[in-house]
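In what follows, a structure is listed as structure tokens, so that the remarks can point back to it.
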Amino acid sequence: MTVTDNLRPPEVVMRLDRMGSFHQSRLSFMRNLLRRMKREAWTFDRPRFDIGDDGVGTALYRVTTPDRTYTLVAFAHDLPPDQRSDRVIATAWDATFALYDGMPSDVDVARLRANVPLQEAGRVSEKELTLSRANRSVRLWETVVESLARGEQPEPDLVEDVGYLMRTTAVYGSGKFGLADRQSIADRAELLAPFQAEMLTVYLIRAFVLDLVEHMAAVRSPDAVVLEPGLRRRFGIGNSTGLGMAPFLITHPRLINNWIMAREEALARVRAVPEATAEEIAVFTAFVDRAGRTVDTWHSEHPIQQQKLAALRQDLDILQTRLSESPITGSDPWDRLVVWSEDHLSVEGQELLVSLLLEPYGHLVDELCETMQADESSPARINGALSVAEVRQLLEAQYGWALSIDWSSASSDARAWYVSEEKLEPRLGERHQEPVGAYEQPLQPGRDAARMYLQLADWSDQDCLAVFLQQHPEHRHIARRLTVLQTAPYAEVRDNTIHASMLPIDLLRAKLSFFGATHFDPRSDRWVRITMFQGAPYPEELASADPDAWTYPQLDSDL
Amino acid sequence: MIDLSHGEFRALVAKAFRGAGYSWGLTEEAAFSAGFLAEAGFPAAEAVVRLLSTVDGRPVATGMPDRSWQGQSGPLCPICVGTSLADQGGCEALAIGPTVEPLFIAPFLAVVATEATSASASSAPDSTVGFVMTWDGGQCEVGVGGMVMSGTAPSEPVAIGISRCQVDAGPQSPVSRVRLPPEVFAELERFAHRVYAPATEASRAAGAGAGTSDND
């Protein structure tokens, strides 16, 4: 069934305020992974856990799939608190990791011990798929160790408040620092969907972190207990993300198109359901109520997020009232609900509803995960035979929003994306106040489309693009983006990415929602904390767990 | 020797070309071309360094071919020639003026060959569209499967001829790492470094978001 005529248009979807309101869904990469792990009965074991009383040492967490083995190699360190930093410029961490392609030998582990703790300053090999590091939540770590050592469970409210014992500050893949290139693993069925190796890495890190905290409690006292399973699942792995991730959506247009296209297609399929069964309605309603509990436990100190959460709470009240007053019934019930939401809910509530609508319909939408990858290793070919007239029309159609911006106004191009000499950290500067404009990265397609359009005014309709680009190679990258948009309508963010009040966290949240992240907690307009796998079954629980039931708190628990 | 992943190599080459003054659109294509050559086992890193050392300081426009595929004031740039050829869908037969490191043109011909071959696949299933690039002392056949060079790679800017033909440059196994001598790596990094903004205290504090200590 194809319902691609009924997709929400890019002009609606590809706006930063809406993308910055995306929520995780069935299509999220970590959920796709969990379903596969369960479906294929992956097995897990821990061939090594050599952690000393000082919390320092090495551990191996191995997963065996029907075809292959992967092993997380984990190093625990003794990090002085004044060195704990989530920034790209950090040089030491509480724990460092690599995901090995197979089962590492002692020689491999020794090689990794010499390099992995150095992260970007070391080298890994094509036998490693990912490289990552994590820092403790200082507040929660000590509290949990202390409670368990006393023979008690930690306070659930505190656990919910933080949500993780450690947070990753980068999970590298795709050839960085010597890792295996994506192209050499992309033909493996389990790694075809996006970021599966990275999600597997975080899943195994979570298992390690919980084992480590229980180990430290046992070191402190022989009467220590382990975490009760329900509470143990309330720990996710945090993630701290800043500007390093923000350019991704702009530098991977074909990939982003495929993610968004899959989500919009999924929504369209659910909207096309002519009548909902009682069971489908019950599943949906239960998820709405559980989402309400999520919002109750979702805290942020940042004013932007507090506003969004207030709107979301209100949206959920309105939605729950609507559902109790007008139960789901009749024909095209979901389509009518979506139409209603566009007039009655904020963008946060609308996008939460999109995610919730997918929950009862795994049989219609889960397969779309296999359509979300894209090969971005070669630049898209430009059709040089296009006439200038055609190019102008395409620019007007795809970048009309950018052509109508007054680019001479200082606020229009107030920002500049650049890479600092300092550990190659990506930064966002103030163009009119700092000398960074000359170093700008190609992350402002709106402005560049407007520049190309202006240049084309000097050319006649029948001239061809190939000749134009020979004389003006500075417009080549926009010409390429224009070409991509012909077959990838969701490839472009249709907002000004260098505006004075642009929020990089909108880009971060969009990407992280596709990972499956929850509890977005911005710390500034360009730095966000999230939680991953919070509530998910641990490896030893997978066989008896529902791989899709964990992303919202259960209704019948106190947690 | 230094081993890089393909992703690392392409990223470094892109930055190096940008550091030498190429526009972002051309750097994307330069990285693709160098990456293609590297996967085919050619010493692409060294060739990039030779190319950039030759063109550094020259406006990129001087490397762009004119309407008769000649350079106006010095040798042509192979990235400029390659992208011009790709934009017009290749050629039947062409004589191109002296070009620095012309092997960088071959990957662009390979892309055109692949497209042309699949476009004619239904009507002529056994046809393998390709190109032959010739220069004084050698030639290169480019097809769907890859590229095969015979003779010697040019060490000086050299005029080249390109013609479309049937080619059976059979399937090749790409190398999984790009291997380069440390001094070549250092040269690429030297060009790439021009892309980075100098670090300042102000930019460290404001530019990235988090503070410098993260104990929570």
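Just so it is clear, the values below take in all heavy atoms, side chains as well, and ignore hydrogens, waters and symmetry mates. Note that the coordinates shown come from a computational prediction; the quantities given were computed from them, not determined experimentally. Below, chain A is the first sequence line, B the second, and so on; all start at residue 1.
- Contact annotation for B:Arg10: only side-chain heavy atoms (C-beta onward) come within less than 4.5 Å of a heavy atom of chain A.
- Partners of A:Asp94 by salt bridge (charged side-chain N to carboxylate O under 4.0 Å, His left out), not counting sequence neighbours, listed by chain and number: A:Arg84, A:Arg136.
- The two residues A:Pro379 and B:Phe32 come nearest to each other via the heavy atoms CD-CB, 3.4 Å.
- Under a 3.5 Å cut-off, the side chain of A:Gln470 and the backbone N or O of B:Ser84 do not form any donor-acceptor pair.
- Proximity to chain A involves both the backbone and the side chain of B:Ala86, based on heavy atoms less than 4.5 angstrom apart.
- The backbone N or O of B:Trp24 sits nowhere less than 3.5 Å from a side-chain atom of A:Arg476 that would complete a donor-acceptor pair.
- For the pair A:Tyr439/B:Pro198, a side-chain contact is recorded, criterion being any heavy-atom separation below 4.5 Å from C-beta on.
- A distance-only check finds a donor-acceptor pair linking the side chain of B:Arg177 to the backbone of A:Gly178 [under 3.5 Å].
- Using a 4.5 Å cut-off between heavy atoms, B:Thr27 makes no contact with chain A at all.
- Remark: the backbone N or O of B:Val112 is not paired with any side-chain donor or acceptor of A:Arg381 at under 3.5 angstrom.
- Put simply, of A:Gln441, A:Arg481, A:Gln471, the one with the most heavy-atom pairs under 4.5 Å next to chain B is A:Gln441.
- Using modelled atom types, one finds no donor on one side chain facing an acceptor on the other under 3.5 Å when comparing A:His477 with B:Glu28.
- Of the two parts of B:Pro107, neither the backbone nor the side chain holds a non-hydrogen atom closer than 4.5 Å to a non-hydrogen atom of chain A.
- Interatomic distance, CG of A:Leu179 versus OG of B:Ser5, reported as 7.5 Å (0.5 Å rounding).
- The side-chain heavy atoms of A:Val419 and B:Val195, taken from C-beta on, include no pair separated by under 4.5 Å.
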